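Let me begin by presenting the structure, written as structure tokens, before commenting on it.
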Amino acid sequence: MPLSWYLYLAAGLFALGLFGAVARKNAVAILMSVELMLNAVNINIVAFWRYLAPAEIGGQIFAIMVFAVAAAEVAVGLALFISIYNSRKTIAADEINLMKW
Amino acid sequence: MTTETLIWLIPLPPLLAFFLILLFTRRNNALSHTVGVAAAAISWLLGMLVFIAALGVDHFGEHVFASAINWLPLADGFLSIGVMIDPLSAIVLFFVNWTVLMIFIYSIGYHNFGQPVGDHDHPGLPPHGAKDAKHPGHTVPSIEPMYARFFAFIALFAFGMYTLVVSDNLLTLFVGWEIMGLCSYLLIGFWYAKPSARDAAMKAFMTTRIGDVFMLLGIVALYAATGTLNFRDILYNAEVLDMLAHSPSFIGGLSLAGLISILLFIGTVGKSAQWPLHVWLPDAMEGPTPVSAMIHAATMVSAGIYMVLRMFPLISAGWHHGELTTAMTIMAFIGAFTALFAATIAVAQRDIKRVLAYSTISQLGYMIAALGIGAYVAAAFHLVTHAFFKALLFLGSGSVIHGVEHGVLHTGDHKVDPQDMFNMGGLKDKMPITFWTFLIGGLALSGFPLLTSGFWSKDEILADAFAHGHFAVFVVLALAALLTAFYTMRQITLTFLGKPRTKEAEHASENVPSMTVPLVVLSVFAVAAGWVGIPEHFPLIGGLLPNWFHHFLGGALLEHPSAVDFNWIPLIVSLVVALGGLGLGYLVYRNAGQTDPLRKALGPVYTLLENKYYFDELYQRIFVKPAQAFSENFSYRFLDGVVIDGLLHRAARGAMGLGLIFRNKFEGPVIDYAADLLARITQAAGRLLRIIQTGQVQQYLLWVALVVFGGFFYYLLNILQ
């Protein structure tokens, strides 16, 4: 199976994630879409490692780092959403425009 | 210590005293006068040592004491200053020493030292008297409020004179001269709260300043012509004198020597109060009496005569016997005229000090006239004797005034003028020491024959004028001598003889010893100072004493002056005018009441004399008023108001216009516009950019994605091409 198939899959997943992140209103769904994009990147990393430099373990390490960051991000993100929900009774992204000038 | 060092030191003690009193001892009266008198005494001692040393030198005129140091660096070499004592300055130093010391001592009593502080005395006004603690109801003299200040000023005055006497060049002489000008101003205006004293001080300062300006011109001219101001280099150098006498000055056909002499002489006209600059001296009576004595005898006016005596070789350069130089002719004229002119005014004055003031002007005229006709020794001789008896007379008159002030305090009638002779009379018995010493001084001034010093010096001037054929001068001076004797006797008779004319005069009393002792000392000199100059060919007593003065002072000139031969005519004239004037004065005034018997006899002439020929009014009209009008109209209104203010206002308006142009045409359109434009652009950009700031994270993400894709496609396009 050629490397490009993995890359197509990853691109597809990333586009799906990106679409989700831009188009969904629910903040939790946006967070899940971001996770999707991170997984697309992970596929790329692991695929490149396996095909181009299997002797090194750099690809695996990167993948693990991304997992760790994603986990931390979810934890922080969910905490933020709960806090926002407590103050504004919604987590719809287009209604949370606190950062507007 | 060498004599030269002593000479350097002579002027210093009074200067030191001046600073000590002003800086440290001012609040302590006793300490202040101790410092002042001690300084005068030290200078006196040094002066006497130098004088005695000078007596011991043979041919002193050729072997003078001199010492000099370099002072101001000039382009080529130095301006040197130094000291020199030659026969002339030795003699002047002698009388200055004595009179200054006596005046200092006298001042202690005059300013009521030891008396209580006045009840309502103000600094700047004469003391008014204080209630006596022991005798209620009695008023006693009170101490001068600015006692210490007086001693400081008078010490500076003495310093100026000593500097002038010991200096060996015209420059330091001029420095001393000007210090005295300042001190006369300070001391004539000592009671500055009195408007009359203030005016008199300014008048003295301004009037003498006119002379000083010309004198300075003369000094500059002399320096320009010779390159030195040292007396010995100029005056004892026949070549230099010859050169000056024969170089034309391009002004009025005068030789350089003539021009310089006249310029210097104008300085003396101011300082020694000769006509037409005589007006300040009588007004100088506004100062305390010791100051009057200081100015009239010891320092200021003597300085003027001393300077022309000093410059006599220059003044007489090119003088052939029988033909006077221009400067000498002018001096003879001014001197003789002043002598008679002032003597006539003195006849009609009521104020005891004013009579003496005009007398001084008159006597100074004698000296100037004597110098003008070439009677060098006689002029110097009269300067010395006059200093002694005039100091004596002034201090005596101060003593009289003081005595009558006692009377005024006693009666409490302050309308009585204690200086008006017509308020006095009969003081002979109340103030015996003052009377006898004043009588001696008065007789010396009148030229009372044989005994008094004034006779010998005046006689010598008359004899000289007669012997050298200056008959006009001789007659004028003889007339002046007659008037001198007359007004002196008038003064003595009105003041001391007869019966008291007022209650105040009845209650006058003799003064303290610090005032009377100087009178006694000076009266000794007023008599004996004449005996050193008795002509050798005088009948009977001539030759008993050698004519030491002539011999000693003659050495100060290059060419020893010859003594005049004896002639009976001037002697008889001298005797007649002196005794005649004295007798006449006594006859007219022995029974005088409170009006002057002369007033009826002379009529309008008396009024003219009483008002001093209206010179003050004349000067007021032709100098003061035009000067005021000129300064008011031209200087203030036109020059200041129109020209200077006009220029300034125009400049201000121009600057303002320029500023407006810059503001309207440059700052607004250019600088402000540029700054505003920048701000506006920034604002517009902000407004534009704020559209994309929705605050929605998804939109931001969309933008980022678009940019990334845009970049990516651009990259792809580049690769594909």
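Keep in mind it's a predicted model, so treat the numbers as computed, not measured. Labels below follow one simple rule: chain letters A, B, ... track the order of the sequence lines, proteins then strands, and each chain is numbered from 1.
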Legend entry - Heavy atoms from other residues, nucleotides or ligands near CG of A/Leu9 exceed 12 (cutoff 6.0 Å): yes
Legend entry - Within residues 662-679 of chain B, residues adjacent to chain A where the heavy-atom gap is under 4.5 Å: none
Legend entry - Flag if over 12 foreign heavy atoms under 6.0 Å of CZ, A/Phe81: yes
Legend entry - Within 6.0 Å of CZ in B/Arg198, more than 12 heavy atoms from elsewhere: yes
Inset, instruction - Taking atom OH of B/Tyr185 as the centre, report whether more than 12 heavy atoms of other residues, nucleotides or ligands fall under 6.0 Å from it. - result: no
Legend entry - Whether over 12 other heavy atoms sit under 6.0 Å from B/Tyr223 OH: yes
Legend entry - Which atom of A/Val22 lies closest to which atom of B/Gln698, heavy atoms considered: O-NE2, 3.3 Å
Inset, instruction - First locate atom CG of B/Leu701, then atom CD1 of A/Ile30, and finally report the distance between them rounded to the nearest 0.5 Å. - result: 9.0 Å
